[in-house]
Protein chains: 2
Amino acid sequence: MRDSAPDCSIARALEIIGDRWTILILRDAFRGIRRFDEFRRDLDIARPVLADRLRKLVDHGILQKVRYQDHPPRDEYRLTPMGRELSPALVALMRWGDTYLNDGAPPTVLIHDACGAALEQGFWCPQCRRTFSPRQIASRPGPGTSPDGRSDPTDSAHGGQRAHTH
Amino acid sequence: MRDSAPDCSIARALEIIGDRWTILILRDAFRGIRRFDEFRRDLDIARPVLADRLRKLVDHGILQKVRYQDHPPRDEYRLTPMGRELSPALVALMRWGDTYLNDGAPPTVLIHDACGAALEQGFWCPQCRRTFSPRQIASRPGPGTSPDGRSDPTDSAHGGQRAHTH
DNA sequence: CGACTGAGTTCGGATTCCGAACTAAGGTCC
DNA sequence: GGACCTTAGTTCGGAATCCGAACTCAGTCG
């Protein structure tokens, strides 16, 4: 990308994790994978690519190297809090893939242990105490830079949320 | 990627949208951008790359070409319902970027027009009628294929959700 | 007619990716 | 102590991808 400092959060995020391998590495990290060769075997990724991606993730504070044994000195890669906060994005991607690319196989659901109900992921208004499906808010996820606020004809069904910059 | 039919939804999703340009195109689509040259100018993307990505998005049913005028026959690209369902993933990415990559600038928030409150994105248990922050569920976003369920030491703070395959 | 617009395609050079092979540091077995 | 193993990388050259410039093509405007 030519522009190294875009003013859009999505673009900035993609400069760091906008690479298929990087996202798959993070997926594995969420699954509990931590060591170089575990990543390599699980992903079937070339070593140089893996080393490069891990280094960048560490540089950006998404993973950190933690020594797990001293005698052959060995480090493992763990998610930092910043890295763990990427989970909504990965979960959203997984749910989308489950829904649309799964060939009818049962999707993965997240179960709330305390009550056994399936957790939903969505937008929640703490004041009205209700959720909104993505469909209802999809047309306006952000103010962006669209200058005119041209309305979206596919929008007619939605419930009236709008995005503002804080 | 060598494996053309991975059994992981995230990997399958990334085969379609796991490309920085593709995600930026979708971001623009959510902002209301629809036409070839609008995308090209906004993203400063090379024409062949844009044409290729748009074609793939149409092939996969994420965008559709819609004729918006007959006289010079012109088509525009619109999100399908399948495409619109990607918004949680993009929003999650934006929020993460806002939080961690924003150099102190105010983050974008989503406002619920009906009441003015800031919408949250998170996991919601419809039975308990409450949300959980990403932090509370971050360590176990899916059952994955990790064979042993090795527990995560960084897990101790989380609230007790667990992921199951439906 | 001639210029212009929107939506692409073709082509070649530059960049980036990636797989095979190699390196390195330490441990284990006998 | 030597052979071999494990883990974690690096080097290097070919292959894939990217991207800018130029071209195409259909249709409209003046």
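Values in this document were obtained by computation on a predicted structure and should not be read as measured data. A note on names: the letters A, B, ... follow the listed sequences, proteins ahead of strands, and every chain is numbered from 1.
Taking B:D37 as the reference, B:R40, B:R41, B:R47 meet the salt bridge (Lys or Arg N to Asp or Glu O under 4.0 Å) condition, with sequence neighbours excluded. The side chain to side chain contact (heavy atoms under 4.5 Å, CB included) test applied to A:P72 returns A:Q69, A:R74, not counting sequence neighbours. Judged as a side chain to side chain donor-acceptor pair (under 3.5 Å), and not counting sequence neighbours, the contacts of B:D28 are B:R31.
The shortest non-hydrogen separation linking A:D75 to A:R67 is OD1-NE, 3.0 Å. Among all heavy-atom pairs drawn from A:L90 and B:I10, the shortest one is O-CD1, 3.8 Å. Of all heavy-atom pairs between B:Y77 and B:L54, the closest is CE1-CD1, 3.6 Å.
Relative to the axis of its first five pairs, the axis of the last five pairs of the helix from C:dC1-D:dG30 to C:dC30-D:dG1 sits at 0°, rounded to 10 degrees.
Rounded to a whole Å, the CD atom of A:Q69 is 14 Å from the P atom of D:dT6. Summarising the geometry, the separation between CZ on A:R20 and P on C:dC18 is reported as 8 Å, rounded to the nearest angstrom. A:I45 places its CD1 atom 15 Å from the C1' atom of C:dA20, with the value rounded to the nearest Å. Computed from coordinates, the B:R40 CZ to D:dA21 P distance equals 11 Å when rounded to whole Å. Following rounding to the nearest Å, B:I25 (CD1) and D:dC18 (P) show an atom-to-atom distance of 11 Å. C:dA7 atom C1' lies 13 Å from atom CZ of B:F39, rounded to whole Å. Distance B:L54 CG to C:dG8 C1': 11 Å, rounded to the nearest Å. We find that OH of A:Y68 is positioned 13 Å from P of D:dT6, with the value rounded to whole Å.
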Worksheet item: Which nucleotides of nucleotides 22-30 of chain D have their base under 4.0 Å from a protein heavy atom (B), which only their sugar-phosphate (S), and which neither (-), written as one string 5' to 3'?
Response: B----SS--
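Dashed line: the shortest gap from a side-chain N or O of A:K65 to OP1 or OP2 of D:dT7 is not under 4.0 Å. Contact check, B:R34 against C:dG6: no side-chain N or O comes under 4.0 Å of OP1 or OP2. Contact annotation: A:Y77 side-chain N/O to D:dT7 OP1/OP2 distance is not under 4.0 Å.
In this structure the side chain of B:R27 reaches within 4.5 angstrom of the side chain of B:D42, judged on heavy atoms.
Judged purely by atom type and a 3.5 angstrom limit, A:E85 has no side-chain atom pairing as donor or acceptor with the backbone of A:P81. Between the side chain of A:W96 and the backbone N or O of B:S9, no donor-acceptor pair lies under 3.5 Å.
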Give every donor-acceptor pair under 3.5 Å between a side-chain atom in residues 56-65 of chain B and any protein atom, sequence neighbours left out.
| from | atom 1 | to | atom 2 | distance (Å) |
| --- | --- | --- | --- | --- |
| B:K56 | NZ | B:D52 | OD2 | 3.1 |
| B:H60 | ND1 | B:K56 | O | 2.9 |

Protein-nucleotides 15-17 of chain C N/O pairs under 3.5 Å:
none

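Counting only heavy atoms from C-beta on, A:D37 has its side chain closest to D:dA8 among C:dG8, D:dT10, D:dA8.
With A:R20 as the fixed residue, the side chain to side chain contact (heavy atoms under 4.5 Å, CB included) test singles out one of B:I17, B:D19, B:L14: B:L14.
In this structure, B:R35 forms a cation-pi arrangement with B:Y68, its terminal cationic atom sitting closer than 6.0 Å to the ring centre and no more than 45° off the ring axis.
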